Amino acid sequence: MTELTIPPDADEQQATRLVQDHVEIGDTVEIREAERTGGDDPEITGTVTGVEAGYLELDDEPLDGKSVRYDELQTISRVESASKSE
């Protein structure tokens, strides 16, 4: 498992670039959102189905579903790689 923590001072463009470098379509990920306090359990687990402008699409769901805006994302962990080469 590999983990990426978005720096709190990163703007949306920087966060987007970091996420694009860290995951690819088909990866299974766990996400913790920025406003989360306490606990170690991921808030969201899903398969990356799109790296869209402004948000990471999970399980083909819209933002009011599982998908997460980059400015709300704090930590993303790649649990399983789509390329299986890890």
Side-chain angles (χ1 to χ4, degrees):
M1 177 177 353
T2 60
E3 185 172 280
L4 167 70
T5 299
I6 305 296
D9 60 344
D11 63 22
E12 184 178 317
Q13 202 171 39
Q14 292 169 317
T16 300
R17 206 171 24 250
L18 288 168
V19 172
Q20 287 173 335
D21 290 344
H22 184 69
V23 300
E24 61 185 58
I25 305 288
D27 287 352
T28 301
V29 297
E30 294 178 344
I31 293 178
R32 289 176 184 78
E33 292 179 308
E35 64 273 2
R36 182 168 169 80
T37 56
D40 289 330
D41 295 332
E43 290 186 335
I44 301 166
T45 301
T47 301
V48 176
T49 52
V51 182
E52 308 297 333
Y55 72 98
L56 182 66
E57 183 183 87
L58 299 176
D59 296 335
D60 290 320
E61 292 191 27
L63 278 172
D64 60 353
K66 281 187 167 183
S67 296
V68 179
R69 290 172 27 145
Y70 296 121
D71 62 352
E72 294 176 346
L73 194 153
Q74 178 182 26
T75 304
I76 181 168
S77 302
R78 186 173 51 209
V79 178
E80 185 177 331
S81 176
S83 63
K84 307 284 187 207
S85 63
E86 280 192 4

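Count residues from 1 along the sequence. For clarity, every value in this text was computed on a predicted model and none was experimentally measured.
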*If you group Ile, Leu, Val, Met, Phe, Trp and Tyr by side-chain heavy-atom gaps below 4.5 Å, do Ile76 and Ile25 land in one group?*
yes
*Residue pairs involving residues 45-59 (criterion salt bridge (charged side-chain N to carboxylate O under 4.0 Å, His left out); sequence neighbours excluded)*: Asp59-Lys66
*Heavy atoms only: give me the nearest Leu58-Ser67 pair and the separation to one decimal.*
N-OG, 3.1 Å
*Go through the structure and list residues passing salt bridge (Lys or Arg N to Asp or Glu O under 4.0 Å) with Asp60, not counting sequence neighbours.*
none
*Those residues that, when tested against Ile6, pass side chain to side chain contact (heavy atoms under 4.5 Å, CB included) (two or more places apart)*: Leu4, Ala10, Ala15, Leu18, Val19, Leu73
*asked:* So, applying side chain to side chain contact (heavy atoms under 4.5 Å, CB included) with Glu80, which one of Asp27, Thr28, Val29 is it?
replied: Thr28
*Where is the tightest heavy-atom contact between Thr2 and His22, given as atom of each residue plus distance?*
OG1-CE1, 3.3 Å
_Residues that Arg17 engages under salt bridge (Lys or Arg N to Asp or Glu O under 4.0 Å), provided they are two or more places apart_ = none
*Partner set under side chain to side chain contact (heavy atoms under 4.5 Å, CB included) for Ser77, not counting sequence neighbours*: Met1, Glu3, Glu30, Arg32, Thr75
*Measure from the side-chain N and O atoms of Arg69 to the backbone N and O of Leu63, and report whether any donor-acceptor pair falls under 3.5 Å.*
no
*Check: Tyr70 side chain, Glu12 main-chain N or O, donor-acceptor pair, under 3.5 Å*: no
*Heavy-atom closest pair, residues Ala82 and Gly26*: CB-C, 3.5 Å
*asked:* So Val23 and Leu56, do their side chains get closer than 4.5 Å, heavy atoms only?
replied: yes
_Can you list everything that forms a side chain to side chain contact (heavy atoms under 4.5 Å, CB included) with Asp9? Sequence neighbours excluded, please._
Pro7
